[in-house]
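The block underneath contains the structure these notes are about, expressed in structure tokens.
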4 protein chains.
Amino acid sequence: MAEQFKTRQRFQERRQRRIERRRNEILTAAARVFAERGYSNTTTREIADAADIAEGTLYNYFAGKRDILLAIARETEAPMEAAVLEAGKLEDRTAMIVMFEKAFDIFETRLPFMRTVLTEAWMDDGILKEFLVVRLRRISQALQAFIAKRVASGAFRPIDPTTGARLAMGMFAGLITPSLRGVEPLPSREQRRALAETIVDILLNGISVQVT
Amino acid sequence: MAEQFKTRQRFQERRQRRIERRRNEILTAAARVFAERGYSNTTTREIADAADIAEGTLYNYFAGKRDILLAIARETEAPMEAAVLEAGKLEDRTAMIVMFEKAFDIFETRLPFMRTVLTEAWMDDGILKEFLVVRLRRISQALQAFIAKRVASGAFRPIDPTTGARLAMGMFAGLITPSLRGVEPLPSREQRRALAETIVDILLNGISVQVT
Amino acid sequence: MAEQFKTRQRFQERRQRRIERRRNEILTAAARVFAERGYSNTTTREIADAADIAEGTLYNYFAGKRDILLAIARETEAPMEAAVLEAGKLEDRTAMIVMFEKAFDIFETRLPFMRTVLTEAWMDDGILKEFLVVRLRRISQALQAFIAKRVASGAFRPIDPTTGARLAMGMFAGLITPSLRGVEPLPSREQRRALAETIVDILLNGISVQVT
Amino acid sequence: MAEQFKTRQRFQERRQRRIERRRNEILTAAARVFAERGYSNTTTREIADAADIAEGTLYNYFAGKRDILLAIARETEAPMEAAVLEAGKLEDRTAMIVMFEKAFDIFETRLPFMRTVLTEAWMDDGILKEFLVVRLRRISQALQAFIAKRVASGAFRPIDPTTGARLAMGMFAGLITPSLRGVEPLPSREQRRALAETIVDILLNGISVQVT
DNA sequence: AATGAATGAGATTTCATTCAT
DNA sequence: CATGAATGAAATCTCATTCAT
């Protein structure tokens, strides 16, 4: 009896894992086509083809097309949380570099997911608010706090912290966009490190040679 | 005879103007809904309603839905050319500020048009290439030349000009995006001037207080 | 007063003639495009363009698109009546030849009109019944009477008159169809005469050399 | 394993047959409505209703409305080839009769298909050239060769072979048209045989009693 | 679970007709 | 009378979703 139960349990677990695996296959395939053609322009047929399953099978794993989009968005939550956490304790210049590096890393591992979410957030208020605003705001606040503190201590010139945070995030956007849009390959790990350093370096010291 | 001809001519001109006016009304209405809901998610019915005309009437002015999108994109060409021209002769810091200010101004006058084009360029390679790439490249090249020249003369630290240009354009993106996305009102003329100055100031000198 | 009346009358007549002329211009243009593309596939815009007038003007002369088709059909009534009359008194071989020649002539003068009517009669029961059946039946009956009489007198072999009439009309169709379909120019006057003679000759005597 | 494979294979085959059957059902229904109202005047809604399926289902089997027309036209190719083959070896009078009989038979089995193709060929150059001209020309050439040979041998009077072929085909047209147009039922098998004989008899010997 | 044919609501587009100028 | 822009009904086609197998 106990044996039988264990067997059944193991069977259930394996089933769960199989379901989970299949779900992820679908999400990966869907993210790829969404990233290429956009959510609205992608048909469930295309998703099914990309995932190499029948259209009807999609509905065994997701409630509908939009649910797939939301699942993709949800997949970006965990990695983005990493950068947010990093941003939470922005103690020094190094921490800032690490945060940007983490941010670059997210795109390395989840490019189609990120592209899909960022693209849709551009038009879909639901996606924007639920999956982006919260995290971006937390990053922004961390940056603002970092700036405000140093402005107060006299280490930074008296810049508006909000503007400063936006400039920092914009610099990151300026570097990631070509890869995100697919017109350029992603930077390598070393390049990402260097880019993160450049962002922080320029943000703090500017391009000009400082006259001493 | 001459009178009659003149009358007819004036009649034709007025008609031309009326047609032109109506076309622009439709474009403005369409840009508004496209900006809000995206091109794909907008129906011709919605465009017609927004323009307060019948659906069929759209086709008296445009060949189809996509033609409306292209016309909107074309409307952004002239203003963007202004910024490009400004960028062409980036002689000094002031010229750079003026360029960014011009760039801000474009969004002031044509926000829904710009938002529509930028959003669609995000997924539509045709729009991207025909209406954005050329101009962005010219701006980027002007920035790169500006940077490269000063790096050579020793005025700038040895930064990669491409990266530098992207950082500059990213900073602009960081400041305009909230307005573009519609989560924040557009900055006033004075604010735009100040933001342009901030971009250039931070880009050149950074946030840190320079220790002399 | 009388003068004025006369003037007014003349004016009215001229107006009537002008209207009549314009109507015919429209019909000719419409028949041309109908013949080429078919009634259903022709737009009122195309008719108007072909007639070099505005779309709206059509409705000053005709009640609607279908009314133009009916007017075209009506235009074929008079010429077809000629052949019917000829057929009515089929006394001898010569009369038969003359009838077929007249039939060929109709197409010479009114090719697009005939093509339009015959094409539409092929699918439109209204056109078929109102403009074709009556006349074809009268021709058929004349042919049948011609045949029946001679069968009775022993001059013709005992053929079914209905079948005979159909064969005769079919022979005519076989010769006119290539021109009607537009894959071949119309035969000249002399050729038409010769073709009419051939029809009657073969119908009566066949192709074979008669062994005496 | 082998069993399972066989089962799957049989399942696939049955599915293929079901799809084929459904396709044919749709074609038959479409040919019926096309024959009655013409291709242009028939809506996809009417086709779907006639086939007792939803409009959207049409597009699971055909690429579009015109594709249905082309499929109908294609269905007439095989049977028409029969008559063409018969015509290829027109050795004697009997062979000619058989050819016309075969031609009549085609309409017996595929009346709406034939009517649709012939009607559309009347206006659609694509249909005309792709599905009619080739075959009609081959029949015509066989008839011409038949005539030319006998004219040379002195068995036939010196008639123009082209005209002769047209007369023969016209005679056939004269007899089939009433059935094709739907104003008369199709002739029975015996009647078709008799009609074919009549065509050849009259074509060769004419109606007149030959004076010996 | 997997399949994919069936569905029908909805999207884009056409076009005969009207009507203000 | 002539014009042609405006109209909206109707046509073709797409596609997310359902469901029988």
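As a basis for the values below, the full set of heavy atoms in this structure was taken, side chains included, without hydrogen atoms, waters or symmetry mates. In the text below, chain A, chain B and the rest are named by the order of the sequence lines, each starting its count at 1.
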For D:N60 and F:dC15, give me the distance from atom CG to atom C1', rounded to whole Å. 10 Å
So where does chain B start and stop touching DNA chain E, 5' to 3', when the test is distance under 4.0 Å to a non-hydrogen atom? E:dA11 to E:dT14
Starting at CG of D:L69 and ending at P of F:dC13, how long is that distance when rounded to a whole Å? 12 Å
I need the minimum non-hydrogen distance between D:A121 and D:L128, along with the two atoms involved. O-CB, 3.6 Å
Between A:E77 and A:R74 (salt bridge meaning N to carboxylate O under 4.0 Å), is one present in this structure? no
Under 4.5 Å between any side-chain heavy atoms of B:L70 and B:F131, yes or no? yes
Assign D:R66 to base, sugar-phosphate, or nothing according to its heavy-atom contacts below 4.0 angstrom with the strands shown. nothing
What is the bend of the helix from E:dA2-F:dT21 to E:dT21-F:dA2 when you compare the axis at one end with the axis at the other, using five pairs each and rounding to 10°? 0°
Residues D:R115 and D:E36 bridged, charged N to O under 4.0 Å: no
For residues A:D125 and B:R181, determine if any side-chain heavy atom of one lies less than 4.5 Å from a side-chain heavy atom of the other. yes
For C:Y39, give me all partners under ring pair (Phe, Tyr, Trp, His ring centres under 6.0 Å), at least two apart in sequence or on another chain. C:F34
Can you check whether B:Q16 reaches B:E13 side chain to side chain, under 4.5 Å on heavy atoms? no
Does the pair C:R37/D:D124 count as a salt bridge with the N-to-O cut at 4.0 Å? no
In numerical order, the residues of residues 21-36 of chain C whose heavy atoms come under 4.0 Å of DNA chain F are C:R22
Residues of residues 40-56 of chain D with a heavy atom under 4.0 Å from any atom of DNA chain E, listed by number, are D:I53, D:A54, D:G56
Within the 4.0 Å heavy-atom criterion, would you say A:F62 contacts the bases, only the backbone, or no part of the nucleic acid? nothing
Output all residues satisfying salt bridge (charged side-chain N to carboxylate O under 4.0 Å, His left out) with D:R110, sequence neighbours left out; order by chain, then residue number. D:E75
Hey, which sits more toward the 5' end of DNA chain F by its nearest nucleotide, D:Y59 or B:L58? B:L58
If you find the nucleotide of DNA chain F closest to B:I19 and the one closest to A:K65, which residue's nucleotide is nearer the 5' end? B:I19
Is B:Y61 close to B:I53 at the side-chain level, that is, under 4.5 Å between some pair of heavy atoms? no
Counting C-beta onward and ignoring hydrogens, is there a side-chain heavy-atom pair between A:I127 and A:V117 closer than 4.5 Å? yes
C:R18 near the nucleic acid: base, sugar-phosphate alone, or nothing, with a heavy-atom cut-off under 4.0 Å? sugar-phosphate
Using a 4.5 Å cut-off on heavy atoms from C-beta on, say whether the side chain of B:L132 contacts that of B:T76. no
Does a side-chain N-to-carboxylate-O contact under 4.0 Å join C:E20 and C:R17? no
